[in-house]
Number of protein chains: 2
Amino acid sequence: MHNLLDKKKCIILSALDLIQEHGFHASPVSQVAKNAGVASGTIYTYFENKEALIIGIFEYVTEEIRKYVSKGDDTNLSFKDRFYNYWKNLTDFYELNPSIHRFYDQFLNSPFNSEEMQIKSNVWHDFSHGFFESGIKQGEIKALNPIVLSILVNTNVNSIVRIKRNFKNKLARNNMDLDEISHLIWDGIKVE
Amino acid sequence: MHNLLDKKKCIILSALDLIQEHGFHASPVSQVAKNAGVASGTIYTYFENKEALIIGIFEYVTEEIRKYVSKGDDTNLSFKDRFYNYWKNLTDFYELNPSIHRFYDQFLNSPFNSEEMQIKSNVWHDFSHGFFESGIKQGEIKALNPIVLSILVNTNVNSIVRIKRNFKNKLARNNMDLDEISHLIWDGIKVE
DNA sequence: GTTCTGTGATTGAACGTTCATTCATCCTCT
DNA sequence: AGAGGATGAATGAACGTTCAATCACAGAAC
């Protein structure tokens, strides 16, 4: 599995896959190694211990999100258009990478996401804060705390993706359009 | 600790306290027993195993939320007023019981919250669905799926409480009023 | 009132398992 | 030949769970 990629990435992808399905404590290092096609000792060449591995996955995951969302951002557009792009790109990314979505949800609500973790700079969070800050500077959205804004928007995208996954059939039947939530949020934060 | 309450509740409260701080896997049964003031064997008179204990806590916790929120509901009011009451009561409850808030967040995003868990009937979720269903029946909110509506509202309350806890000082400085989010949501779901 | 007896909860040492981590050994290149 | 990565059996700590022994106490017997 993943034999063509470099070892560190193999280990991360293998662990990501196990953790999203079974959780942190039900994903033994031995199994991570097996799925990655390496010996368990090899993991310790790349990560100091299991906790470092999990934090390594978090960093990998947030970098992947940042890459995808920032790639789709065009600073020449109006902030309204940029906002809708941001929303769509983040949603698409999670739907293309369900294991990342599930891991991220688990991580954010776990004790791994400690206070020092939240203080640590993080490429994705920094991008997200900066994104909303630029909207405020341009005077297109209300001058709320950009950190709070980004958490709120990201939380809503997260939970909408989760709902879509869990209620796939029911949503189709009821013809729900969850994407309308994005209009609701935009109407709430835009400057009138 | 909790010596005056009955044993089962002692065990639940002790485990709730440990889990909200350290997570599921870093809360050994031996420590739960110690904090509850019982022997570890005693836990197995009340719960089949550790997983049953965790699910027992979830049931206890959701029942507490339901009691608090339904107590503050007055079906004679307009649905708009009921909505704002619901929002306020849920927020207040989490702020009064931070360990429940943290446990609930962790549980919902963990593999414990399996598919069968989501199908299982749950007093709080049933209440919440029923609440939004009645708003739809009265024609005061849009005919969206009440399950989706309740998840969205509950998710937003959850994350606002989390933000308030994590950014206590920053919010005070920036004079943020997160409760405005409730107006934003109401404007989005109400029938014009 | 006192002693006896049955019942069911409580205890915590002991057990077996699982797990993260280590390290002597073994490749695989250069 | 040598350096450095990779191996996986071995290690020991930690964990969930069990169970024989103990305890608390209610009612019966006297």
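What you see is a predicted model; the values in this text were computed from it and never measured. Letters A, B, ... are given to chains in the order of the sequence lines, protein chains preceding strands, and every chain is numbered from 1.
Side chain to side chain, N156(B) and N156(A) meet the donor-acceptor criterion of an N or O pair below 3.5 Å. N109(B) and Y104(A) share no donor-acceptor pair across their side chains, judged by distance under 3.5 Å alone. Side-chain contact annotation: Y94(A) with N158(A), donor-acceptor N/O pair under 3.5 Å present.
Of all nucleotides listed (dG5(D), dA20(C), dT7(D)), dG5(D) comes nearest to the side chain of Y46(A). The side chain of T42(A) approaches dA6(D) more closely than any other nucleotide in the set dA6(D), dT18(D), dT21(C). Distance from the side chain of Y44(A) is smallest for dT21(C) among the nucleotides dT21(C), dT18(D), dC15(D). Nearest nucleotide to the side chain of K50(A), out of dA6(D), dA20(C), dT11(C): dA20(C). The side chain of K7(A) lies closest to dA6(D) when the candidates are dT7(D), dA6(D), dG12(C). The side chain of T45(A) lies closest to dA6(D) when the candidates are dT10(C), dA6(D), dT21(C). Candidate nucleotides dA13(C), dG16(D), dA20(C) were compared by shortest atom distance to the side chain of P28(B), and dG16(D) ranks first.
Per the geometry, NZ belonging to K8(B) stands 13 Å off P belonging to dT10(C), to the nearest Å. Taking atom CD1 on I43(B) and atom C1' on dG12(C), their separation rounds to 12 Å, with Å as the unit. Atom pair E51(A):CD and dA20(C):P shows a separation of 13 Å (rounding to whole Å applied). What separates CZ of F47(B) from P of dT10(C) is a distance of 12 Å, to the nearest Å. Going from atom CD1 of I54(A) over to atom P of dC19(C) covers 14 Å, rounded to whole Å. I19(A) has its CD1 atom 14 Å from the P atom of dC19(C), to the nearest Å. The CD1 atom of I11(A) sits 13 Å away from the C1' atom of dT7(D) (whole-angstrom rounding). Note: CG (N49(B)) to C1' (dC15(D)) measures 14 Å, nearest angstrom.
A cation-pi geometry, defined here as NZ or CZ lying under 6.0 Å from the six-membered ring centre and within 45° of its normal, holds between K71(A) and Y68(A).
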Passes salt bridge (Lys or Arg N to Asp or Glu O under 4.0 Å), K120(B) versus E59(B)? Steps please. CA-CA 11 Å; K120(B) 241 171 114 174; E59(B) 282 162 359; 3.3 Å; yes
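Place V38(B) and S40(A) on DNA chain C by their nearest nucleotides, and V38(B) ends up nearer the 5' end.
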